[in-house]
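Beneath this line is the structure, given in structure tokens, with notes to follow.
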Number of protein chains: 2
Amino acid sequence: MADSARRTGRPRSAAADRAILDATRSALVELGWGGLTMGDVALRAGVAKTTLYRRWANKSEMVVDAVAVLFDELELPDLGSLRADVESVVLAFAALLERPEAKTALMAVVAEATRDDALRARIRAAIVERQKHLVVEGRRRAQARGELPPDPPGPEGAAAADRAADLIFDVIAGAVVHRSLVSAESVTPVWARALTALLLHGLPSAAGPAGPAPGGSGGPVDA
Amino acid sequence: MADSARRTGRPRSAAADRAILDATRSALVELGWGGLTMGDVALRAGVAKTTLYRRWANKSEMVVDAVAVLFDELELPDLGSLRADVESVVLAFAALLERPEAKTALMAVVAEATRDDALRARIRAAIVERQKHLVVEGRRRAQARGELPPDPPGPEGAAAADRAADLIFDVIAGAVVHRSLVSAESVTPVWARALTALLLHGLPSAAGPAGPAPGGSGGPVDA
DNA sequence: GCGTTTCGATACGCCCCGTAGCGTAACTCA
DNA sequence: TGAGTTACGCTACGGGGCGTATCGAAACGC
């Protein structure tokens with residue numbers, strides 16, 4: 001719709017787009033969300049402030065677009081087991097949240113979005129829904145390996161699979177975000193392993209942080 | 001230390017404290033984090049703006065104190081099973097996050113805290129550590145019921161128990177926050193039940209959202 | 001070329017932040 | 001009771017950001 005809407009007149013400068021988003025990210029790194037100002041971003045990008053407002057309604061929308069691309073770096077290499085796949089995506093997501101531009105911006109735009117429907121929709125489209133394929137793909141692989149039961153057939157089964165993927169996504173992403181930003185403790189490989197064990201085997205098996213306790217009761221297969 | 005420091009002079013008005021924090025919460029409800037201003041809070045509280053700055057260094061620190069008391073309402077009634085306990089605390093926490101003053105403020109102060117060590121410490125002390133007892137208590141009850149294995153003895157066992165409690169806290173709180181604020185979908189009893197099932201039995205058993213699919217393969221005990 | 005749209009530049013009104021200065025109020029201690 | 005100390009209300013202020021308006025120039029399609 002954006003294509004057919006404006007076929008006439010001077011086209012938007014793609015170079016300006018890139019320069020603005022780059023400037024936004026570097027401003028986030030140096031100043032954080034609170035210190036970032038539209039005037040400063042325009043200055044860094046070598047662009048007039050009006051050019052920013054021609055593209056985005058406000059600071060939040062612009063920052064969402066600037067940060068969203070960072071999440072596209074997330075990948076899901078097939079490591080041969082559900083355990084390894086989960087552990088690796090947890091660590092990759094945590095590394096992403098360590099980056100100052102992501103860390104300071106993500107929570108801020110989510111906070112703004114609690115009172116801004118358009119912004120909430122933009123976050124969902126640009127970040128949340130976009131990364132959900134990681135869970136879908138990981139689930140599919142695990143089912144192919146026999147590590148997870150197959151989805152029930154029919155439309156109800158597909159809906160149930162969707163709900164399961166949504167749940168897993170919220171649990172994994174939420175746990176990492178909460179650990180990293182709210183509890184403010186670092187996500188170590190040991191922690192990632194413990195989280196993975198909890199997800200795979202459930203609470204009763206989550207005694208030790210890595211591997212079941214010696215002589216423990218419920219230590220299932222792990223390798 | 002705050003007591004012995006200032007024993008002389010006019011004491012701080014406790015009434016002003018309450019009026020300010022009440023005004024802060026009501027301003028959050030009506031205006032949200034972004035719309036809340038120090039001048040407006042002072043006006044609502046019937047207090048001079050300088051009185052606010054005499055107590056808190058900035059907006060974020062004040063809001064943390066204003067919101068922290070909301071979390072003290074969380075309780076953990078003994079419902080007789082780990083499943084019921086988890087489900088109830090999930091729903092209670094979600095209901096808390098539904099309240100506009102909590103919803104808009106929590107993410108905002110966490111975002112600010114990514115670049116403010118003092119604020120991060122205040123959040124941990126006033127909110128995170130304060131609510132962790134819910135997990136510790138729930139775990140203790142479940143162990144007494146035999147639903148969870150007991151902690152290994154000795155200081156290593158206690159440390160492992162602490163790590164387990166931290167992990168569970170991050171997983172539960174993180175999942176609810178992510179579902180409610182990032183994914184922006186409501187936390188229903190059905191979802192709470194599915195999350196609880198995932199926590200209790202692990203991913204392989206998380207086929208259906210509530211109850212195993214008819215003729216499903218891995219439906220463990222539930223009642 | 002003509003209409004349309006973008007761009008840079010500048011200026012502006014509005015509002016908020018956080019602090020300073022002052023006289024007054026409340027409390028402790030001698 | 002009076003002196004010392006701290007909190008309070010009030011007002012005013014400098015600094016800075018937001019988002020908009022306006023203008024002439026530039027870059028496109030037709």
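Here is how names work: the chains are called A, B, and so on, in the same order as the sequence lines, proteins then strands, and each is numbered from 1.
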### Message
If the cut-off is 4.0 Å, is Arg12(B) near the phosphate of dT6(D), judged by side-chain N/O to OP1 or OP2?
### Response
no
### Task
Look at the side-chain N and O atoms of Arg55(B) and state whether any lies under 4.0 Å from the OP1 or OP2 oxygen of dC8(D).
yes
### Message
For a side chain to side chain contact (heavy atoms under 4.5 Å, CB included) check, start with the C-alpha distance between Val177(A) and Val182(A), then their side-chain angles and the critical distance, and finish with the verdict.
### Response
CA-CA 7 Å; Val177(A) 168; Val182(A) 181; 5.6 Å; no
### Query
So which one's nearest nucleotide on DNA chain D is more toward 5', Met38(A) or Thr51(B)?
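This one resolves to Thr51(B).
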Separation of [N] [atom2] from [X] [atom1] (nearest whole Å):
X        : N       : atom1 : atom2 : result
Arg54(B) : dT5(D)  : CZ    : P     : 17 Å
Leu43(B) : dT11(D) : CG    : P     : 12 Å
Trp56(A) : dT20(D) : CH2   : C1'   : 18 Å
Tyr53(B) : dC13(D) : OH    : P     : 18 Å
Met62(A) : dG19(D) : CE    : P     : 10 Å
Leu52(B) : dA7(D)  : CG    : P     : 15 Å
Ile20(B) : dA7(D)  : CD1   : P     : 13 Å
Lys59(A) : dC18(D) : NZ    : C1'   : 10 Å

Counting only side-chain heavy atoms from C-beta out, which of [options] sits nearest to [X]?
X        : options                  : value
Lys49(B) : dT28(C), dG18(C), dG3(C) : dG18(C)
Thr37(B) : dC16(C), dC18(D), dG8(C) : dC16(C)
Arg10(B) : dC8(D), dC17(C), dC18(D) : dC8(D)

### Task
Please report how far the helix from dG1(C)-dC30(D) to dA30(C)-dT1(D) bends, comparing the axis fitted to its first five pairs with the axis fitted to its last five, to the nearest 10 degrees.
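Rounded value for the end-axis angle: 30°.
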Do [X] and [Y] sit within salt-bridge range, that is, some charged N less than 4.0 Å from a carboxylate O?
X         : Y         : result
Arg25(B)  : Asp22(B)  : yes
Asp17(A)  : Arg55(A)  : yes
Arg120(A) : Asp116(A) : no
Asp72(B)  : Arg130(B) : yes

### Residue met sooner reading DNA chain C from 5', once Leu36(B) and Pro11(A) are mapped to nucleotides
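Here Pro11(A) is the residue nearer the 5' end.
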### Query
With a 4.0 Å cut-off on heavy atoms, is Thr50(A) in touch with a base, just the backbone sugar-phosphate, or nothing at all?
base
### Query
What's the shortest heavy-atom distance between Leu36(A) and Leu31(A), and which atoms?
N-CB, 4.1 Å
### Task
Output, in order, the C-alpha distance, side-chain angles, deciding distance and verdict of side chain to side chain contact (heavy atoms under 4.5 Å, CB included) for Leu28(A) and Val67(A).
CA-CA 10 Å; Leu28(A) 281 175; Val67(A) 170; 4.0 Å; yes
